[in-house]
4 protein chains.
Amino acid sequence: MLLTIDPNNGLPIYDQIVRQVKFAIASGALRPGELVPSVREAAKQAAVNPNTVARAYRELQAEGVLRRVRGTGLAVTEDAPAYCRKERVKLLEERLRQVLEEAAQSGLSEAELRQLVEKQLRLLSRSRGRRGSS
Amino acid sequence: MLLTIDPNNGLPIYDQIVRQVKFAIASGALRPGELVPSVREAAKQAAVNPNTVARAYRELQAEGVLRRVRGTGLAVTEDAPAYCRKERVKLLEERLRQVLEEAAQSGLSEAELRQLVEKQLRLLSRSRGRRGSS
Amino acid sequence: MLLTIDPNNGLPIYDQIVRQVKFAIASGALRPGELVPSVREAAKQAAVNPNTVARAYRELQAEGVLRRVRGTGLAVTEDAPAYCRKERVKLLEERLRQVLEEAAQSGLSEAELRQLVEKQLRLLSRSRGRRGSS
Amino acid sequence: MLLTIDPNNGLPIYDQIVRQVKFAIASGALRPGELVPSVREAAKQAAVNPNTVARAYRELQAEGVLRRVRGTGLAVTEDAPAYCRKERVKLLEERLRQVLEEAAQSGLSEAELRQLVEKQLRLLSRSRGRRGSS
DNA sequence: GTGGTCTAGACCACC
DNA sequence: GTGGTCTAGACCACG
């Protein structure tokens, strides 16, 4: 469970954390009953203020994704995986829609747009490959 | 030159305006010497505060895309089209990269990711079609 | 809309604020469309840190009780009164139940318990009367 | 001497323990010279961390309600019953006052408030009856 | 050690 | 002026 924060993402940091936790649960990297990294640890790892992590975790509790185990930490709930898989699609579709809409407004033809998307997908799979083979 | 603002875009409104003006110039919809809508008019059309439009126009002047024509308004500069075409690609690639990277982090396989992108592209071209035929 | 905060209430301050706003809406003292006091103003009035008020207001937005009006403030939503009236009963019953349960555990007879409750209700209506007549 | 802990009470657990011990002494269920359950036993029975029980017992010793009997455990002092009876009324009145005050602030009329209180008292005496008959 | 709350104060986006 | 985000650091309750 490694958090990778980009402070210039546009998305608030706490939101990036919320998403990444949900994604980790959706993909099975975090399973029900497992503990998420402690507030302080996650904050250190992500080079972020503990309050910011705490806020993200608070929201995840409010959504029923995490539950508090007193004196122990925050654990993934039983319902979380199903919920997070739904959320994942929703969150990604929303963001994709926004960006593609903007691209469409830019006056590019559909062919040019597809070309742009293809280029980025290729770049992505290449960097993925690198990460995968390392 | 119609502005379409989405306040929940994540992008600040003034930035959305800056981008759309650049896009309009890049695509030839706005040509050197032409005037952009007045601050008040644009603000009314986009249902946005005039200060926000003013700020966007200020930035466009600072980048050399617009210039003041005393007593007349703001006109597109001669250098703007070349500049804006470069910007357009840069801005779109940057946004696309961010979103696709996030999608990649979400644990979706490349196939699933492509499927999502295709779905959104189809949705987009459909809504474009509608707008085109209206 | 005056906030009265008791830092030794046991209830977190942000929660006291959340409750009081809901109560004010439930009782009709705050109506749909009206603005709640600004974060800074409420913080000053309640002698509390603005962040604490902001957190309370954030939760009220998340519950759909308040909505943000950009650059203007936070307004009561249309749905808020119905929702808050339901909440009011729920919140009060929960608290009453806790306290009466504790009282019951204390070994008092039911008669003694009723006497205690009556005494407090009388004290309350007296202080209410004073406030009402002032 | 059975402890019934509600972790969502708002009251800290150690405080709930302190109160319940005092209540047991006030009502005569625990008499001077009698031993309270050992820290470990009480912790097991109440499903609570031993440290938390230890803290409660520490406070009860500081208040002069319990005293260490070397090698034996903690015993109720001679002065405890009188002291605890006073405390009981004080503690309950304080809590009742808080809750009723909050209820009053909620904008309910006195009649509605009384109705709420009656409802909870009835619920309480019913559950008491059940417990009594078991 | 864990999370939760609160304060203080900075900076940003928007009106 | 409005709310939103973030940092820094203190204190509390609990294990």
Side-chain angles (χ1 to χ4, degrees), chain A residues 5 7-17 35-43 46-58 60-62 66-75, chain B residues 5 7 9-17 43 47-56 59, chain C residues 5 7-17 35-43 46-58 60-62 66-75, chain D residues 5 7 9-17 43 47-56 59:
Chain A
I5 299 304
N8 308 314
N9 198 334
L11 282 184
I13 294 177
Y14 73 86
D15 210 1
Q16 297 181 43
I17 298 175
L35 298 177
V36 291
S38 78
V39 168
R40 291 159 173 86
E41 193 185 333
V48 144
N49 189 286
N51 277 332
T52 305
V53 178
R55 174 170 178 187
Y57 283 2
R58 201 191 313 141
L60 287 164
Q61 281 181 82
L66 300 182
R67 75 187 146 77
R68 198 178 156 186
V69 185
R70 285 218 164 166
T72 304
L74 296 169
Chain B
I5 298 304
N9 199 332
L11 283 185
I13 293 178
Y14 74 87
D15 207 6
Q16 296 183 44
I17 298 174
V48 147
N49 189 288
N51 281 332
T52 308
V53 178
R55 173 169 179 184
E59 300 210 354
Chain C
I5 298 305
N8 309 316
N9 199 334
L11 283 184
I13 294 178
Y14 74 84
D15 209 1
Q16 297 181 44
I17 299 175
L35 298 176
V36 292
S38 80
V39 168
R40 290 158 174 88
E41 194 185 334
V48 144
N49 189 287
N51 277 332
T52 305
V53 179
R55 174 170 176 186
Y57 283 2
R58 202 191 312 140
L60 288 164
Q61 282 181 81
L66 300 182
R67 76 188 144 76
R68 197 177 159 189
V69 184
R70 285 221 164 159
T72 303
L74 295 169
Chain D
I5 298 304
N9 200 332
L11 284 184
I13 293 178
Y14 76 86
D15 207 6
Q16 296 183 44
I17 298 174
V48 146
N49 189 288
N51 282 332
T52 308
V53 179
R55 173 168 179 185
E59 299 209 354

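On a predicted model such as this, the values are computed, not experimentally measured, just so you know. Letters A, B, ... are given to chains in the order of the sequence lines, protein chains preceding strands, and every chain is numbered from 1.
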With a 4.0 Å limit, can you tell me whether [X] has a side-chain N or O closer than that to the phosphate oxygens OP1/OP2 of [N]?
X	N	value
Thr52(B)	dC15(E)	yes
Tyr14(A)	dC6(F)	no
Gln61(A)	dG4(E)	yes

Grab the [atom1]-[atom2] distance between [X] and [N] for me, whole Å please.
X	N	atom1	atom2	value
Ile17(A)	dC6(F)	CD1	C1'	11 Å
Leu66(C)	dT2(F)	CG	P	15 Å
Arg68(A)	dC14(F)	CZ	P	9 Å
Arg67(A)	dG3(E)	CZ	C1'	14 Å
Ile5(B)	dC14(E)	CD1	P	10 Å
Leu11(A)	dG4(F)	CG	P	17 Å
Leu74(C)	dC15(E)	CG	P	14 Å

Let's see if you can work this out: which of [options] has an atom nearest to the side-chain heavy atoms of [X]?
X	options	value
Ser38(C)	dG3(F), dC6(F), dC15(E)	dG3(F)
Ile13(D)	dG3(E), dC14(F), dA8(F)	dC14(F)
Arg70(A)	dC14(F), dT5(E), dT7(E)	dC14(F)
Arg40(A)	dT2(E), dT5(E), dC15(E)	dT2(E)
Asn51(D)	dT7(F), dG15(F), dG3(E)	dG15(F)

Looking only at heavy atoms, the pair that brings Leu11(A) and Gln16(A) closest together is O-NE2, 3.0 Å
Ignoring hydrogens, what is the shortest heavy-atom contact between Asn49(A) and Ala43(A)? Give both atom names and the distance. C-CB, 4.0 Å
Measure the spacing between CG of Asp15(D) and CD1 of Ile5(D) and express it to the nearest 0.5 Å. 10.0 Å
Applying the Watson-Crick and G-U wobble criteria at under 3.5 Å, what pairs with dT7(F)? Answer none if nothing qualifies. dA8(E)
Searching all strands shown, indicate the nucleotide that pairs with dC14(E) (Watson-Crick or G-U wobble; both distances under 3.5 Å). dG1(F)
In terms of the nearest nucleotide of DNA chain E, which residue is placed more toward the 5' end: Gln16(C) or Asn49(B)? Gln16(C)
5'-most contact on DNA chain E (nearest-nucleotide basis), Pro50(C) vs Arg55(B), goes to Pro50(C)
DNA chain F: 5'-proximal contact among Gly71(A) and Gly73(C) (nearest heavy atom): Gly73(C)
Assert: residue with more 5' nearest nucleotide on DNA chain F, out of Glu41(C) and Arg58(C), is Glu41(C)
Stepwise, does the side-chain contact (heavy atoms from CB on, under 4.5 Å) test hold for Arg68(A) with Leu66(A)? CA-CA 7 Å; Arg68(A) 198 178 156 186; Leu66(A) 300 182; over 6 Å; no
For Arg70(A) and Ile13(D), run side-chain contact (heavy atoms from CB on, under 4.5 Å): C-alpha distance rounded to whole Å, both residues' side-chain angles, the deciding distance at 0.1 Å, then the answer. CA-CA 12 Å; Arg70(A) 285 218 164 166; Ile13(D) 293 178; 3.1 Å; yes
State, with a plain yes or no, whether a side-chain heavy atom of Ser38(A) is found less than 4.5 Å away from one of Tyr57(A). no
